[in-house]
Amino acid sequence: MAKKIGVTMEVGNDGVAVITISNPPVNSLASPIISGLKEKFRDANQRIDVKAIVLIGNNGRFSGGFDINVFQQVHKTGDLSLMPEVSVELVCNLMEDSRKPLVAAVEGLALGGGLELAMACHARVAAPKAQLGLPELTLGVIPGFGGTQRLPRLVGLAKATDMILLSKSISSEEGQKLGLIDALVPPGDVLSTSRKWALDIAEGRKPFLRSLHRTDKIGSLSEARAILKTSRQLAKKIAPNMPQHHACIEVIEEGIIHGGYSGVLKEAEVFKQLVLSDTAKGLVHVFFAQRATSKVPNVTDVGLKPRPIKKVAVIGGGLMGSGIATALLLSNIRVVLKEINSEYLMKGIKSVEANMKGLVSRGKLTQDKAGKALSLFKGVLDYTEFKDVDMVIEAVIENIQLKQNIFKEIEKVCSPHCILASNTSTIDLDVIGEKTNSKDRIVGAHFFSPAHLMPLLEIVRSKNTSAQVILDLMAVGKAIKKVPVVVGNCIGFAVNRTFFPYSQAAHMLANLGVDLFRIDSVITSFGLPLGPFQLGDLAGHGIGLAVGPIYAKVYGDRMFRSPMTELLLKSGRNGKINGKGYYIYEKGSKPKPDPSVLSVVEESRKLTNIMPGGKPISVSDKEIVEMILFPVVNEACRVLDEGVVIRASDLDIASVLGMSFPSYRGGIVFWADTVGPKYIYERLKRLSETYGSFFKPSRYLEERAMNGMLLSESKSSRSRL
Ligand SMILES: CCCCC[C@H](O)CC(=O)SCCNC(=O)CCNC(=O)[C@H](O)C(C)(C)COP(=O)(O)OP(=O)(O)OC[C@H]1O[C@@H](n2cnc3c(N)ncnc32)[C@H](O)[C@@H]1OP(=O)(O)O
């Protein structure tokens, strides 16, 4: 059925014109909506039977803001004229400066341009729990319908900068306390109260307030300057590589110094510059890429419905198992945690409790909710409780035989509808399920550590996994607030496989004589939160050593074998776990580079003996980035070539959410396309001539470079999905 898009106006006998935005599902402000709003406001302002106006969104949602698809069109074409003129013509002239009072009836959500329209009204009436915010900075732009000027005038400068810079939304309850919302009423009363409020303003019983003209919440110039100074420091800390935060503060400041209208004009000018920035292109891509992950051909489009998952058994109470259990409990799913003995079980239970405590102490969870979640939790030592679970998630160590035995056992004790999932990060699912007759319900549920905090859930589908099982796990993933990305079965799956060259390349560079702390610093300046050596320390070097041979078996032709990890472990350094790796870890202080690790590095260099002429190579920071990340792009190309992901953008999301690849660079494939496949191919070819097959360009990259195609262009040769 075609969606009904448009703006309607109905004038009641009371003389109130109700203007309704309809653009399902979130009433985004697409071009026909903007022109419809202009037309209806013009009409309402001219009609003599209209005394006052109410603006409302259809279907219980005010508006999710300006249509983000338009930004994508602008990015594709570079044509700024695709963006309509709104901030002065509609928002100031037709709405705020209208002689007829205008009330926003806010239900569900008012975000971005949606909240900006509401703030241009002369009062706001809201239903409880409506979501209010200006999240534009997450898209690489700033609010563009006057939000940078009106929010500070309604809630005060400190709160407004906090909300805008951190893209933090608030509830209508908080909005009422702050003065953003004038009345909070039950959902059924929002429209009637708004009508009455509008008439009260028209008839002088309530004040006729124009947000942009207000100054009562701004404070003195020196107070404002002090707040903006703090905001600049915050921006430097949270967004060192992005332009929109600092630009936004400049725009706010313009309005403080020269008045709101001047701020509105500057906002429009800066908006146009930012919308074409690489940051906006990357972030808008990530927005749509994330939503695309929920569309899985032959799974989400074949009329299946997810089955309810109420009780889950987790096998293994280590770091991963306890994190997974925590994530499930937090979403009110009953969890049975199974361990092999009471000592391990107690450890697992304590880890779950500690996870909850950590969330409470950081203010992310109330004590009450933590208690409720823990009441759904039970530790067990046998399979008795497994008979009525809807899903099992195995999270034991990466040992093929152990996993095979577990799956053989759970197949017997669980009901036939029960989903049998493994949290393996490397092992082939077909091998895990080899000894069972339940291959259609075996699936990978690969969480990232810490599982209760990291947002990605990699759902691994073998050639036998049923569509229903995939759909069920996707629904569980969403219920526990993860972003599920469905991928095909191979060693390392999509994320770990794509990123296995990340630490290998770093090891090669270090063995070629480049300072490892410099490598970490260059990579963090590029935007990853941890450099490869910091990441190794965090994961623990024992893991690297354990999974190395599994990767070597299948990807051995393109591996760099460095003795450094083994030497590191021999010298008693297992990373953060034991307080010592490349860095020193002391409670309460930031990790410090450990100069004494350099003797280990020297020993490794002697053994590999790859420094040309025995001398360290000289490389620029740009070359470091290329030598570390181009091999990652190269492996991403193989992942795309083999159809391990449904679409290139899935790998972008997986890299952003699983590896914290900077979202403002759009994810690994998007970034590579920005750099250019031909350039990457040529650089890798040159590097492989000098340093060997580790850098050898893949067939996919070569083809794309030769044919002038982007890596993300869909023309996958094979598919595992
Ligand atoms: C001259 C131009 C100036 C513009 C100035 C203005 O200040 C700029 C803006 O307003 S930018 C937009 C600001 N708004 C946002 O950033 C909100 C983005 N959306 C969300 O956060 C969420 O989608 C949500 C909270 C509104 C709803 O979340 P929910 O989980 O319920 O649903 P989904 O996220 O899956 O979204 C459902 C579908 O709706 C599409 N969508 C959502 N918001 C927009 C939007 N603003 N524009 C276009 N499309 C939007 C989303 O893509 C989903 O589409 P599918 O096709 O995947 O179903």
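In each ligand, atom 1 is the first atom listed, and ligand 1 is the first ligand listed.
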How close does the nearest protein non-hydrogen atom get to [atom], and which residue and atom is it?
atom                    : value
atom 18 (C) of ligand 1 : Phe287 CE1, 3.5 Å
atom 31 (O) of ligand 1 : Arg61 NH2, 2.9 Å
atom 49 (N) of ligand 1 : Asn69 ND2, 4.1 Å
atom 52 (O) of ligand 1 : Arg291 CD, 3.5 Å
atom 55 (P) of ligand 1 : Lys295 NZ, 3.5 Å
atom 24 (C) of ligand 1 : Leu109 CD2, 4.3 Å
atom 25 (C) of ligand 1 : Leu111 CD1, 3.8 Å
atom 41 (N) of ligand 1 : Val26 CG2, 3.9 Å

With heavy atoms and a 4.0 Å threshold, my read on which part of Ser294 contacts ligand 1 is neither
Short version for Asp67: what comes under 4.0 Å of ligand 1, heavy atoms counted, is both
Can you check whether [X] has an N/O within less than 3.5 Å of an N/O in ligand 1?
X      : value
Gln131 : no
Thr138 : no
Ile68  : yes
Gly64  : yes
Gly144 : yes
Met83  : no

List ligand 1 atoms under 4.0 Å from [X], heavy atoms only on the residue side.
X      : answer
Pro84  : 1 (C)
Glu136 : 6 (C), 7 (O), 8 (C), 9 (C), 10 (O), 11 (S)
Pro135 : 14 (N), 15 (C), 16 (O)
Phe71  : 11 (S)
Gly65  : 10 (O), 46 (N)
Gly112 : 10 (O), 13 (C)
Leu139 : 11 (S), 12 (C), 16 (O)

Under 4.0 Å from [atom], is there at least one protein heavy atom?
atom                    : result
atom 45 (C) of ligand 1 : yes
atom 16 (O) of ligand 1 : yes
atom 28 (O) of ligand 1 : no

Output the distance between atom [atom1] ([X]) and atom [atom2] ([Y]), rounded to the nearest 0.5 Å.
X      : Y      : atom1 : atom2 : value
Leu657 : Lys482 : CG    : NZ    : 10.5 Å
Asn23  : Asn59  : CG    : CG    : 11.5 Å
His446 : Ile324 : NE2   : CD1   : 9.0 Å

What I'd like to find out is whether the side chain of [X] reaches to under 4.5 Å of the side chain of [Y], using heavy atoms alone.
X      : Y      : answer
Lys217 : Pro152 : no
Arg124 : Leu154 : yes
Lys38  : Leu94  : yes
Pro128 : Glu173 : yes

Between Leu528 and Pro662 the two heavy atoms that sit nearest each other are CG-CD, 4.0 Å
Only heavy atoms count here, so choose which of [options] is nearest to [atom].
atom                    : options                : answer
atom 8 (C) of ligand 1  : Phe145, Phe288, Phe66  : Phe66
atom 39 (O) of ligand 1 : Gly113, Pro25, Gly146  : Pro25
atom 7 (O) of ligand 1  : Glu116, Gln290, Lys478 : Glu116

Compute the minimum heavy-atom distance from Pro143 to ligand 1 and say whether it is under 4.0 Å.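 Right, Pro143 reaches ligand 1.
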Plane angle bin for Phe66 and Phe71 - parallel if under 30°, tilted between 30 and 60°, otherwise perpendicular: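 Rings of Phe71 and Phe66: tilted, 30 to 60°.
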